Amino acid sequence: MTLVNKVIRSVRSPTITSLYLFRLDRKLSSRTVMSQTGPATKKQKMDVKTIGTHNGTFHCDEALAVFLLRQTDTYKDASLKRSRDPTVLDDCDIVVDVGAIYDESKHRFDHHQRGFTEVFGHGFSTKLSSAGLVYKHFGKEVIASAIGLEPGDKKVDILWLKMYKEFIEALDAVDNGISQYTSQEQPKYRNRTDLSSRVGWLNPRWNESAESQKVDALFLKASQLAGDEFLGRLDYYANAWLPARDLVLAGLSSRQNVDASGKVILFEKFAPWKEHLFELEAEQGISEDELPFYVIYPDETGGNWRVQAVPVSPESFNSRKALPEKWRGVRDDELSKISGVDGCIFVHASGFIGGNKTKEGALNLAKLALKM
């Protein structure tokens with residue numbers, strides 16, 4: 001399989017794929033020109049930036065940090081030096097995960113030094129690793145470039161925070177030795193399939209050669225692995241998660257048109273809604289007495305409609321207002337008879353969800369439930 005085909009298979013988003021291919025073409029073209037014309041000129045060498053990080057055993061944080069830097073305009077063609085020699089690192093244009101200095105003005109991004117307490121902010125309190133440091137300062141540029149938006153676009157800010165919460169923060173915590181749980185209870189099983197572990201497995205085994213060129217090549221493989229997963233997750237959030245948020249925002253904003261109480265939200269097509277609904281309610285400062293109780297949406301596969309009670313929290317099984325007790329566990333014609341609504345299919349025994357053959361039927365169930 002060619003390198004180009006590998007890139008195409010590893011990235012689903014057309015926008016991100018185009019970005020990859022553009023940069024790949026530039027790199028391949030550059031290599032071809034250099035092989036034909038001989039060594040680079042002095043001016044060419046001066047124009048190439050250099051990223052520095054430590055040599056030896058590598059970890060996920062600096063592997064991703066290097067990848068992210070190479071997605072920026074400044075460092076997209078940068079060379080890489082892996083060393084702990086201060087004189088070598090001083091010659092680099094930017095240094096990550098080594099050197100015991102965090103100073104944005106000096107382009108130094110280490111987190112190992114005594115007294116380092118930098119966090120991402122915006123409600124996050126996990127101490128940053130080199131991945132989090134680079135992402136904090138360069139993440140918006142990386143995201144904007146990858147999905148084809150201006151850095152100042154509001155969607156970039158939303159995705160920047162979302163990617164930290166769902167992807168980067170865990171890498172920061174693992175590298176800094178921060179436990180996910182406060183309990184000292186022993187876990188019932190071990191998990192060594194997370195991204196940090198998979199990057200770690202790429203290091204040479206203790207009884208294999210750790211020759212520097214071999215380890216450097218493995219580091220590049222690790223950096224690509226971490227970067228591909230970052231871009232894949234970004235692709236999902238940009239092209240699936242974010243459109244769902246827009247749909248939920250529209251439904252939340254127009255809920256008084258569905259029912260004057262504002263307690264019923266209607267979605268004309270299905271999308272994951274719980275997480276977005278709670279976040280948008282908080283952002284808009286909706287008071288407790290104005291919170292919606294029910295969501296109406298089409299079944300993904302059956303062609304029917306659902307009425308679902310909004311839970312008290314995204315992960316809770318308790319509802320703000322469950323469907324009426326006398327409907328629960330009843331189905332089909334019997335349910336239609338009890339409720340007075342034609343086309344009923346079911347109401348779950350817990351009252352958190354019900355079904356009807358039509359949108360109007362589902363809406364009628366929700367409106368009746370508000371009064372019961």
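Please read these numbers as outputs of a predicted model, since none were measured by experiment.
Within the 4.5 Å cutoff, the side chain of Val96 has heavy atoms near those of the Leu69 side chain. Side-chain contact check for Arg84 versus Asn55: some heavy-atom pair is nearer than 4.5 Å. Side-chain contact between Leu247 and Pro243: absent, with no pair of heavy atoms (C-beta onward) separated by less than 4.5 Å. Tyr135 has its side chain out of reach of Leu133: every pair of non-hydrogen atoms, C-beta onward, lies at least 4.5 Å apart.
Salt-bridge formation is detected for the pair Arg108/Asp90: a Lys NZ or Arg NE/NH1/NH2 atom is positioned less than 4.0 Å from an Asp or Glu carboxylate oxygen. Ion pairing between Lys274 and Glu315 fails under the 4.0 Å rule for side-chain N and carboxylate O. At a threshold of 4.0 Å, the pair Glu268-Lys359 counts as salt-bridged, since one of the basic side-chain nitrogens sits closer than that to a carboxylate oxygen.
Scanning for salt bridge (Lys or Arg N to Asp or Glu O under 4.0 Å) contacts around Asp299 gives Arg306, with sequence neighbours left out.
For the residue pair Ser83/Asp85, the side-chain donor-acceptor check at 3.5 Å is not satisfied.
Among residue pairs with one or both ends in residues 124-153, those qualifying as salt bridge (charged side-chain N to carboxylate O under 4.0 Å, His left out) are Glu118-Lys136, Lys140-Asp157; sequence neighbours excluded.
Between Asp246 and Lys155 the shortest heavy-atom distance is OD2-NZ, 4.0 Å. The two residues Trp273 and Pro311 have their closest heavy-atom pair at CH2-CD, 4.2 Å. A pairwise comparison of heavy atoms in Ala146 and Leu231 identifies CB-CD2, 4.3 Å as the closest pair.
Ring geometry for Phe219 against Phe58 counts as perpendicular: the plane angle is over 60°, on a 0 to 90° scale with 30° as the lower cut. Taking the six-membered ring for Trp and thresholds of 30 and 60 degrees, His54 and His59 have ring planes inclined between 30 and 60 degrees apart. Taking the six-membered ring where the residue is Trp, Phe116 and His111 present perpendicular rings, their angle passing 60° and hence far from 30°.
From Lys154, atom NZ reaches atom CG of Leu149 across 14.0 Å, with rounding to the nearest 0.5 Å. In this structure, the separation between CG on Leu202 and CG on Leu220 is 11.5 Å, given to the nearest 0.5 Å.
For the pair Arg320 and Phe278, the cation-pi test (distance below 6.0 Å, angle within 45°) is passed.
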Open item on the list: Working note: Ile338 + Val330, criterion side-chain contact (heavy atoms from CB on, under 4.5 Å); need CA distance, chi angles, decisive distance, verdict.
Closed with: CA-CA 9 Å; Ile338 293 174; Val330 185; 3.9 Å; yes
Task: side-chain contact (heavy atoms from CB on, under 4.5 Å) between Glu281 and Glu288, worked out - done: CA-CA 10 Å; Glu281 287 174 344; Glu288 186 172 353; over 6 Å; no
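Close placement of the His122 and Trp160 rings is indicated, their centers lying within 6.0 Å of each other. Separation of the Phe230 and Phe167 ring centroids falls under the 6.0 Å cut-off.
Counting non-hydrogen atoms of other residues, nucleotides and ligands closer than 6.0 Å to CD of Glu283 gives a total above 12.
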